[in-house]
Amino acid sequence: MAKKNSTGYDADAIQTLEGLEAVRKRPGMYIGGTGSEGLMHLVWELIDNAVDEAAAGHADKVEVTLHRDKSVEVSDNGRGIPIDRHAKRKVSALEVVFTELHAGGKFGGGAYSSSGGLHGVGASVVNALAAKLIAEVDRDGATHVLGFKERVAGQFTGAKFKAGHTLEKVKRISKNKTGTRVRFWPDFDIFDPEATIDVDEICERATQACFLVPGMKVTVTDKRTGGRKEPFSFVSRGGLADLVDHLAIGENVSQVITCNGIDTFVEKVPVNGKMTDVERECTVDVALRWVKGYDTEVVTFVNTIPTSQGGTHRAGFDKALTRVVNNVVLKDNRKLAKLAKQDKHKATKDDVQEGLVAAVKVTFPEPQFRGQTKQELGTPAIEGIVSRIVYEQLKEWFEPGGGPRTHVKAIADKLATAIQNRVDSKTLLENKRKAASLGSTGMPEKLADCRVHGPDAELILVEGDSAAGPAKRGRDSETMAILPLRGKVVNAAKASQKQVLDNAEAQALFTAMGAGAGKEFNLADARYGRIVILCDADVDGSHIRCLLLTLIHQYMQPMLEAGNVFAAQPPLFTTKVGDEVYRVYSDEEKEAVTDELCKGNRKRENVKWQRFKGLGEMNVDELRHCALDPATRTLRRLTMDDAKEAKDAARMFDVLMGNDVSVRRDFLVKNSALVDATTLDI
Ligand code: TTJ
């Protein structure tokens, strides 16, 4: 077995220790850092090795123990790390594993290549950063032990340590008991003193690993003070199907469907510097289900490695799924008959994956990874293999004699709806653009924008074209934008969302505000800090004001809640006495001003009040005075309560327009404080 050398260390060993020194000089390069994350890396390096042994079918138990002295122990009941002499190094294979960087045949298909050691940095990195490490291998009726003190191999007896390559048999055990146990004490000369292992993270990742290796039981025991009381244990029988079930939240559309198969491919790899064809075998495992949501969750793995960026296996899966949905699931679907006439019935990848939860796993030796973080599978042949296997098996499941018909139908209905919705919303979007007739700036053509946007800017909604001209001229174009409203404003209280979005005036308002609409409305994005509604004081004006307020309430509620919505109040009456112009906003005010003017010897009948003209008849100065100039205008802040009233009023208008005038008038007067009774010229 190992070289008998009781005096100390041989040249070979010294050389390998220099390799481990490199890890200690730059721990960040190997494990990402010297905090808790780095520590976690070491623990996972060991767990991965044990999990790989289970994935290869040689173990079904993995145990992790966090000890009080900050050491961590990982064990499995696999074949045991080989303890025989390593051909080149003349020490045990076990010692090589813990002393040679990248030992384990990571490159070129050595002893560990089935799936083992494919991702980690190698167990030697654990030893490199440990103050002490003890490896025990159960096999051939005995427990064999090799220790490492500051990376040097040897044996611990009590507090003493003796360097050497020989494994000690410390215990006789049953002939058929096999396994590997590794316990290490992190070197806190390297790690931050406060670095600790998060047991919950270990449990979480262990659970994930269980889904990839069905039947493997992982147990995590935390013996540290303040840790979990009970050991955590997890095992999955269903593997990926369990994982999909675990990931799928909300209501299911179908049961979990699984596919699996094996195929081979040929790959050129360098063997002794010469490109040589190697045949590889690849196992494909897929589980999927649709749920009643819109999100897509597809997780992919290579061997036991998660590939968060997908890669060729994901591409093959995507392709097969879209093809099978179009060729089999939705073939001649009645719901899509109408779209089929316009040739718009084909499902896209996004349609097919709406509400999809899936897990895709491929198992084969020496995968190539791509991308910055190496989280994407690159091996090209995998795409075709996954695609063929998934297509064939899903086709069978969807065809008669395959999966339950109710499930097949539920999936077909869901996907047909997804297509229909996409086509609908695209038309909607096109209509929106048309309706809003956006100019080259992307803003409504009729918007007279201001130069500065943000909290101090103001969007003035002006009823009718004739008022828009003077308003544009009378405004402060630095901060005041004018949006003339010409057409009918939709009644948001009774219209569908589609009808609202189709309404040109609503669309112009949403676009000008630039902060979205409805659930998506984001106050922080608003291009204007205030909205000012400027409507006539007649019945049409009241109606439009109610409709606008209802629209804002339903689709831009945060504006109202923040108190950023106002109604400009044009005066009701005006009179001129000498050079002085008087404007009043109510009957009471009219009486009061008349009293004031008649305090001398002026006769009341000589104060001739004129009902104020419509906005459209005002000149620039009048409009500026009563609606634009902050120093002279009267604005009324509209509240949520106003909005609720406006909603009712808007409904009344809708109900009553065209009915008997007197009934209508009464109704309006009684029901809305926003509608001034004296101004109803009906
Ligand atoms: C290698 O090929 C021959 C049979 O044994 C294989 C092997 O090494 N299996 C193995 C390694 N099982 N468990 C490990 C292992 C477990 C832990 C906790 C830590 C490490 C480094 C390896």
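Whatever order the structure lists ligands and atoms in, that order sets their numbers, starting from 1. Bear in mind the structure is a predicted one, so any value in this text is a computation, not a measurement.
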Result of checking Arg181, Lys169, Lys175, Arg172 against Asp138 for salt bridge (Lys or Arg N to Asp or Glu O under 4.0 Å): Arg181
For the backbone of Arg139 and the side chain of His144, can you confirm whether one donor and one acceptor N or O come within less than 3.5 Å of each other? yes
Arg323 to Tyr391, cation-pi by 6.0 Å centre distance and 45° axis angle: yes
Say whether, by atom type as modelled, one donor and one acceptor occur between the side chain of Asn303 and the main chain of Ile305 under 3.5 angstrom. no
Check for me whether Ala59 has a heavy atom closer than 4.0 Å to any atom of ligand 1. no
Can you figure out which of Ala123, Ser124, Gly179, Ala135 has its heavy atom closest to atom 21 (C) of ligand 1? Ala123
Parallel, tilted or perpendicular for Phe234 and Phe211, by the 30°/60° rule? perpendicular
Sub-3.5 Å N/O-N/O distance, Gly80 and ligand 1: yes
Polar-atom distance check: Glu53 versus ligand 1, any N or O pair below 3.5 Å? yes
Once you restrict to heavy atoms under 4.0 Å, what part of Val182 touches ligand 1? Side chain, backbone, both or neither. side chain
Does Thr166 offer a backbone N or O that forms a donor-acceptor pair with the side chain of Gln155 under 3.5 Å? yes
Within the structure, does Asp76 bring an N/O atom to less than 3.5 angstrom of an N/O atom in ligand 1? yes
What part of Val74, side chain from CB on, backbone N/CA/C/O, both or neither, has a heavy atom under 4.0 Å from ligand 1? both
